[in-house]
Number of protein chains: 2
Amino acid sequence: MTADTPIRDILSAHGLRPTRQRLLAGEILFDGCNKHITAEVLHREIMARGKDSVSLATVYNTLATFTGAGLLRSVTLDSGSVYYDTNTTDHHHIYDLNTRELSDLDASDIQIKGMPVLPDGKTLDRVDLIFRVK
Amino acid sequence: MTADTPIRDILSAHGLRPTRQRLLAGEILFDGCNKHITAEVLHREIMARGKDSVSLATVYNTLATFTGAGLLRSVTLDSGSVYYDTNTTDHHHIYDLNTRELSDLDASDIQIKGMPVLPDGKTLDRVDLIFRVK
DNA sequence: GTGTTTGCAAAGTGTTTGCAATTTA
DNA sequence: TAAATTGCAAACACTTTGCAAACAC
């Protein structure tokens with residue numbers, strides 16, 4: 001899945017039907033640039049294109065669907081709203097408390113030494129490392 | 001400030017007036033055991049004591065005040081609700097996605113190697129490291 | 001056709017706020 | 001008695017949901 005893979009193909013590769021709404025969202029999300037976006041902002045960007053309208057509820061549902069399919073990764077910060085990260089590879093984040101901007105940090109730059117002993121029968125889902133700056 | 005420091009003294013040491021509501025909240029929060037508690041749960045525990053009632057809004061305000069004073073540290077997870085951690089020393093967390101239970105991880109057990117280059121003029125507020133298990 | 005997805009509006013969840021009454025120093 | 005704090009209810013921000021209509025296969 002490279003930067004110029006048609007959205008249609010990305011969707012079908014993940015078993016998702018290429019609805020008008022998902023194609024519009026996909027065009028913005030998977031344009032080759034990593035982004036951290038909230039439902040509100042994605043909705044605004046879709047509307048700003050002026051092509052067609054997509055309801056906010058559908059944007060929420062679409063983001064959840066994409067995340068479930070492994071196309072996005074969600075990051076929750078203090079602010080209350082969820083950010084969706086188009087970079088699903090192993091990496092960390094820097095969060096600016098003042099601007100509320102979230103940026104990627106390559107996983108190879110930072111190493112976590114020592115894994116905790118997980119509770120019995122539990123498996124690691126993922127590790128979140130966030131550097132909060134202000 | 002040891003485990004059996006009167007709550008009254010903890011409050012005054014941080015410039016906080018010892019109101020009935022803060023004393024009640026403090027008795028539960030600062031009993032010597034580290035805890036991760038939400039506003040709802042703290043409110044329920046205060047009410048369960050049957051001594052006196054404290055409004056939920058005041059519990060929210062009190063938790064925010066305590067956090068501002070450095071008595072608590074807040075941790076936000078996917079669930080949407082904020083956890084308040086009575087352990088304000090440097091440490092990390094394990095979060096169980098199934099039970100929604102948050103536990104401490106001693107900072108000495110895990111080391112983060114390599115600090116990111118912070119954006120110009122920005123200072124590090126804190127580092128959050130959460131191991132998500134399920 | 002059949003099951004999936006959408007849009008709307010309504011409900012839900014967790015949190016904050018305005019303001020009068022109360023309490024603390 | 002002046003300033004801080006509380007409680008209530010209402011407002012708030014973000015998200016999910018129920019259900020009929022529209023759509024994809």
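What you are looking at is a predicted structure, and each value in this text was computed from that prediction instead of being measured. Chain letters run A, B, ... following the sequence lines, proteins first and then strands; every chain starts at 1.
Across all strands shown, D/dA22 pairs with C/dT4; the Watson-Crick or G-U wobble distances both stay below 3.5 Å. The base-pairing partner of C/dA10, taking Watson-Crick or G-U wobble contacts with both distances under 3.5 Å, is D/dT16.
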Go along nucleotides 11-25 of chain D 5' to 3' and tag each nucleotide: B for a protein heavy atom under 4.0 Å from its base, S when only backbone or sugar atoms are that close, - otherwise.
-> ---SBBB------BS
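Shown here is B/R49, whose CZ atom has more than 12 heavy atoms of other residues, nucleotides or ligands within 6.0 Å. Around the CZ atom of B/R20, the shell of radius 6.0 Å holds more than 12 heavy atoms that belong to other residues, nucleotides or ligands.
Rounded to whole Å, the distance from CG on B/L24 to C1' on D/dG7 is 15 Å. As rounded to whole Å, 13 Å separates atom P of C/dG14 from atom CG of B/L77. Regarding B/D78, its CG atom lies at a distance of 14 Å from the P atom of C/dG14, rounded to whole Å. Rounded to whole Å, the distance from CG on B/L11 to P on D/dA4 is 17 Å. Atom CD in A/Q21 sits about 17 Å away from atom P in C/dT4, given to the nearest Å.
At D/dG7, one or more side-chain N or O atoms of B/S55 fall inside 4.0 Å of OP1 or OP2 (strictly under the cut-off).
Looking at residues two or more places apart in sequence or on another chain, you find a salt bridge (Lys or Arg N to Asp or Glu O under 4.0 Å) between B/R126 and B/D128.
Among the atoms of the strands shown, none is found under 4.0 Å from any heavy atom of A/S12. Across all strands shown, B/S53 has heavy atoms under 4.0 Å from sugar-phosphate atoms exclusively, and none from any base.
Below 30°, between 30° and 60°, or above 60°: for A/Y95 and A/Y83 the angle between ring planes is above 60°, a perpendicular geometry.
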Show your working on side chain to side chain contact (heavy atoms under 4.5 Å, CB included) between A/T38 and A/R100 and close with a plain yes or no.
-> CA-CA 11 Å; A/T38 63; A/R100 294 193 162 185; over 6 Å; no
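Between the side chains of B/D104 and B/H36, at least one donor-acceptor pair of N or O atoms lies under 3.5 Å.
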